[in-house]
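Whatever order the structure lists ligands and atoms in, that order sets their numbers, starting from 1. What you see below is based on every heavy atom in this structure, not just the backbone, and it leaves out hydrogens, waters and symmetry mates.
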Amino acid sequence: MRRVGPNSFTEIYFAGCNPGFVETSDGYVMIDSPQQPIDAVRWRERLEEKAPIRYLINTEPHGDHISGNAYFPNVTVVGQVKLQECFERYLLAFGTLDEKRERFKQTDPDSVWLVGHPDYPSSNPPSMTFTETLTLTVGDHRFDIIHMPGHTAPQTSVYVPQEGIVFTGDNVFHKCRSWLQECDPWEWLAALDRIAALDVEWIVPGHGEPCTKAYLKEQAQIIENWVGFIGRQVERGVGPEEILGQPIAVTAQDPYPIGQRLFVHDERLTGLIVHNLHERILTRQAQEPVAS
Ligand SMILES: [Zn+2]
């Protein structure tokens with residue numbers, strides 16, 4: 001558990017995303033939920049021993065940020081309106097209950113009995129939504145919840161001015177491989193500029209250690225490297241399968257190792273990035289006005 005503000009903490013060593021919380025004078029506000037069921041129930045018990053959990057804010061629809069929601073059954077979940085729409089679809093993509101149970105038998109036996117447990121019948125999707133921004137005041141703290149599409153379409157940052165921090169979800173991967181498998185890279189770059197404009201001392205990334213705004217340039221460079229690399233192939237008329245048929249200098253685009261037990265997805269991720277960016281660059285070129 002790492003302190004990131006006077007009353008703010010994040011856990012950076014769980015399997016899954018970095019969940020966090022802020023302790024206000026009127027209970028806790030959580031940002032994302034622990035991925036592993038046993039981590040989620042332990043986390044909930046430790047917090048509720050001291051004060052109630054008022055809200056759980058999801059930063060994005062990827063399974064490692066939302067699948068733990070189920071273990072906070074009485075907590076109001078806040079999410080961007082598109083996240084509410086796609087919640088169940090992304091959850092299913094993360095595995096059916098049977099698939100999760102089998103996976104945990106291998107990777108996390110302590111969590112097996114909690115999968116599909118009758119005490120947690122709902123996946124607990126967002127019930128409070130917003131389109132562009134939502135401000136919540138809880139106790140003495142203000143939470144500015146801001147739609148910042150990029151890594152995913154509903155991507156959301158949670159800015160807490162009194163704490164001097166922002167939780168960005170996976171718009172920031174700090175020194176671990178960036179997942180560009182479904183991103184709009186140009187929106188992502190714009191989101192990084194908006195994060196840079198916030199008055200914060202610490203950024204809590206979706207993965208990796210808390211960092212400062214100094215890292216945002218490096219995050220942007222990784223996105224630009226990938227877009228440049230795929231863009232040059234597009235210019236030469238090379239298709240995604242052909243690109244993937246050749247050895248790809250992944251570390252020349254993104255020097256960091258894949259984080260948080262995700263090494264089994266290393267090669268698959270490269271394939272997803274190539275396909276996504278190839279299609280997005282082609283689409284963007286088709287939309288550009290032709291000079292007359
Ligand atoms: Zn993600």
Side-chain angles (χ1 to χ4, degrees), residues 10-20 30-36 39-40 56-69 77-95 100 123 125-126 145-158 166-192 194-195 203-211 215-216 219-220 222-223 226 253-254 256-266 268-277 280:
T10 182
E11 173 56 62
I12 56 176
Y13 298 124
F14 280 157
C17 76
N18 292 339
M30 279 175 56
I31 293 88
D32 290 330
S33 48
Q35 169 188 285
Q36 303 297 101
D39 292 337
L56 160 54
I57 306 164
N58 283 137
T59 60
E60 59 168 80
H62 287 148
D64 54 326
H65 299 252
I66 65 169
S67 66
N69 284 19
V77 177
V78 181
Q80 207 270 345
V81 67
K82 283 186 249 180
L83 192 151
Q84 186 191 48
E85 288 162 16
C86 67
F87 188 89
E88 294 296 339
R89 183 162 56 84
Y90 274 80
L91 202 58
L92 192 64
F94 207 54
K100 278 185 186 162
S123 56
I145 307 168
I146 310 163
H147 183 213
M148 290 196 189
H151 170 71
T152 67
Q155 199 72 33
T156 295
S157 287
V158 182
V166 60
F167 296 84
T168 63
D170 296 358
N171 267 344
V172 180
F173 284 86
H174 184 216
K175 298 193 175 182
C176 53
R177 182 83 42 80
S178 294
W179 287 59
L180 292 79
Q181 80 274 33
E182 64 168 286
C183 72
D184 178 318
W186 304 283
E187 283 189 339
W188 192 341
L189 292 168
L192 294 175
R194 293 174 69 192
I195 294 166
I203 295 169
V204 180
H207 300 268
E209 305 227 358
C211 59
Y215 181 73
L216 295 173
Q219 178 66 76
I222 289 166
I223 298 164
W226 273 116
Q253 323 310 326
D254 181 344
Y256 295 112
I258 204 156
Q260 281 157 317
R261 295 191 200 175
L262 294 168
F263 39 80
V264 292
H265 298 293
D266 201 336
R268 188 177 70 92
L269 174 59
T270 302
L272 293 171
I273 292 173
V274 168
H275 278 277
N276 176 45
L277 294 183
R280 290 201 181 257

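Glu60 places a side-chain N or O within 3.5 Å of a backbone atom of Asp170 that can act as its donor or acceptor partner. A donor-acceptor pair under 3.5 Å is absent between the side-chain atoms of Asn171 and the main chain of Leu192, judged by distance alone.
Among protein atoms, those of element N, O or S found less than 2.8 Å away from the Zn ion (ligand 1) are Glu60 OE2, His62 ND1, His151 NE2, Asp170 OD2.
Aromatic ring pairs are classed by plane angle as parallel below 30°, tilted from 30° to 60° and perpendicular above 60°; the pair His65 and His207 is perpendicular.
Side chains of Asn18 and Thr10: no donor on one and acceptor on the other come within 3.5 Å.
Gln219 is linked by a side chain to side chain donor-acceptor pair (under 3.5 Å) to Ser178, counting only residues two or more places apart in sequence or in another chain.
Ring centroid separation for the pair Trp179 and His151 does not come in under the 6.0 Å cut-off.
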